[in-house]
Amino acid sequence: MGHPDEILVGGCWRRGTGDPFETRSPLTGAPLAELHGASPADVDEAVRAGAAAAADLAWRDLPPHRRARLLSRVADLVAERAEDLARLQTADTGKSINETRALVASAEGTFRYFAAALETLEGSLTPSRGPYVTLSVHEPIGVVGAITPWNSPIASDAQKVAPALAGGNAVVLKPAEWTPLVALALGRIVAAALADLGLPAGLMSVLPGPGPVAGEAIVRHPGVGKVSFTGGTATGRRIGALAAEKIMPVSLELGGKSPTIVFPDADREQALAGVMFGIFSSTGQSCIAGSRLFLHASIYDEFLDELVRRTGKLRIGPGDDPATQVAPMVAHAHRDRVAVMVDAAVAGGARVRCGGRAPDGPEYAAGAYYLPTILDGVPNDAPICQEEIFGPVLVALPFTDEDDLVAQANATVYGLACGIWTRDHRTAWRVARRVEAGTVWVNTYKQFSVSTPFGGMKESGLGREKGRDGILGYMRQKSVYWGTDEVLPWAG
Ligand code: NDP
């Protein structure tokens with residue numbers, strides 16, 4: 001996968017000129033790699049090279065179906081190196097190997113999907129209202145910045161890089177400092193695909209480095225025409241404010257505090273499994289984690305007791321063991337932050353139904369482990385019910401009638417996702433339409449399809465990713481009026 005202390009600056013692999021930093025194993029705490037991050041000067045070089053590459057006729061004039069070949073080539077290379085990519089991501093993020101294999105497959109699928117979408121990309125002839133033909137065309141933006149978090153690196157990187165390249169742009173990707181390795185590996189793959197097809201190398205840059213330095217330099221750079229960001233709401237607000245100064249479009253995929261609702265008539269087995277998977281898979285480090293469980297009062301005690309019993313049986317272990325269900329968290333510092341939030345909730349009156357601490361035992365001593373945790377006994381306006389924890393922590397809340405439920409579910413600044421478990425399709429439909437969430441799952445949870453738009457409402461974000469129209473988010477629209485009449489109004 002190349003020398004780890006090299007970043008991709010406008011098509012050239014070299015050491016960054018920013019401060020050095022380490023990425024550490026969540027399993028052992030030992031350093032995995034030391035890198036020199038990207039400095040603002042590196043960002044400037046990458047953006048200039050990107051702008052030149054985007055304007056290069058070899059790329060700019062390439063018809064969409066030929067651009068599609070680049071994405072297909074990237075998909076092929078991701079597939080060829082799938083196991084290495086999954087293992088690298090498990091090493092860097094701590095995630096279970098089953099999950100990282102799925103994320104790599106998702107990244108491959110994303111490149112294939114956008115390649116296929118490119119084959120059928122259309123402009124439109126708009127209805128003419130005079131002696132002219134009117135067309136609406138979409139054109140590349142130029143250089144696009146993509147800033148991604150640490151929780152599902154290769155999938156979130158692909159979700160931005162694929163449609164941005166499909167739109168005919170150059171991409172400057174900034175992965176999170178905690179997990180830079182797989183983005184650099186993806187950079188090598190895109191660079192190889194560009195070389196295979198004789199396309200300009202400057203179309204791809206991968207610039208790890210601290211967000212406030214490398215990330216902000218990308219957002220502020222006058223040569224960057226759009227930023228697509230996934231991360232926390234506070235960072236998203238900052239990026240949105242910087243973008244507003246430049247009048248630059250941004251898409252923001254931000255945090256969540258998603259409700260999962262279980263009605264008394266739900267299929268109990270499915271709901272139990274779905275609620276556990278919704279919060280504890282990815283060790284809860286998921287923007288869409290179903291972190292608030294609303295249980296109808298008539299089933300509250302019985303359902304919660306069984307959920308606690310099953311949660312206690314989840315297999316906790318290292319990410320590289322395929323039997324592991326709950327792997328270490330991404331970093332010891334993040335695990336400690338989660339522990340502080342849970343301790344504060346308990347001090348504020350929350351009852352620990354299970355977990356609430358790191359697991360005992362020498363095999364867990366070095367890793368960033370935290371037990372799957374279920375709390376209850378606090379109202380929906382308690383901080384633990386309102387703040388995104390980004391860890392394996394579920395809070396259970398009772399509800400009685402539907403209006404009360406919808407009011408509680410919506411009483412949060414977030415609006416990312418929602419799960420509904422019921423056998424009554426009318427109840428599901430009514431609640432799905434009333435809940436403020438960008439994605440609603442009915443009798444399932446955390447399923448993803450690249451062909452279905454994804455994004456948040458309220459402080460969970462702005463804009464949508466995925467879907468056929470995902471490419472258009474990385475393009476600029478232009479209208480063309482083509483006169484068909486020889487006589488213009490002021491002609492002599
Ligand atoms: P952060 O917002 O801290 O970081 C996300 C990315 O932004 C990182 O690459 C980070 O760099 C960078 N960054 C940080 N500060 C700035 C800045 N001032 N300017 C530009 N870039 C900056 O989020 P986390 O890494 O903690 O990720 C977890 C968050 O991501 C959660 O809130 C989660 O909900 C959200 N998320 C949302 C998803 C969605 O699709 N809605 C999906 C996945 C996660 P660095 O870390 O290197 O400093």
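Quantities reported herein were computed from a predicted structural model and do not represent experimental measurements. Counting starts at 1 for both ligands and their atoms, following the listed order.
At least one side-chain heavy atom of L184 sits under 4.5 Å from a side-chain heavy atom of W13.
For atom 9 (O) of ligand 1, a protein heavy-atom neighbour is found at a distance under 4.0 Å.
Side-chain N/O atoms of S282 and N151 include no donor and acceptor closer than 3.5 Å. D42 and T17 are linked by a side-chain donor-acceptor pair at a separation below 3.5 angstrom, with hydrogens and angles left out of the test.
Within the 4.0 Å heavy-atom criterion, neither part of E465 lies near ligand 1. Contacts with ligand 1 closer than 4.0 Å are made by side-chain heavy atoms of N151 only, the backbone lying farther away. With a 4.0 Å cut-off on non-hydrogen atoms, I239 touches ligand 1 through its side chain and not its backbone.
Within a 6.0 Å radius of CG in D19, no more than 12 heavy atoms belonging to other residues, nucleotides or ligands are found. More than 12 heavy atoms of other shown residues, nucleotides or ligands fall within 6.0 angstrom of atom CZ in R310.
Checking F21, W150, F229 against atom 24 (P) of ligand 1, the nearest heavy atom belongs to W150. The residue among I147, T235, T148 with a heavy atom at the shortest distance from atom 3 (O) of ligand 1 is T235. When G455, A217, G211, S258 are ranked by how near their heavy atoms come to atom 45 (P) of ligand 1, first place goes to G211. Around atom 35 (C) of ligand 1, the closest heavy atom drawn from G231, P175, C287 belongs to G231.
For W178, the heavy-atom gap to ligand 1 stays at 4.0 angstrom or more. Look at S286 and you'll find every heavy atom at least 4.0 Å from all atoms of ligand 1.
K466 pairs by the salt bridge (charged side-chain N to carboxylate O under 4.0 Å, His left out) definition with nothing, not counting sequence neighbours.
Here the heavy atom of the protein found nearest to atom 33 (C) of ligand 1 is F390 CE1, 3.1 Å.
Here R14 pairs with E45 in a salt bridge; the nearest charged N to carboxylate O distance falls below 4.0 Å.
Residue pairs meeting the ring-ring contact (aromatic ring centres under 6.0 Å, His included) criterion with at least one member in residues 151-186, sequence neighbours excluded: W150-W178.
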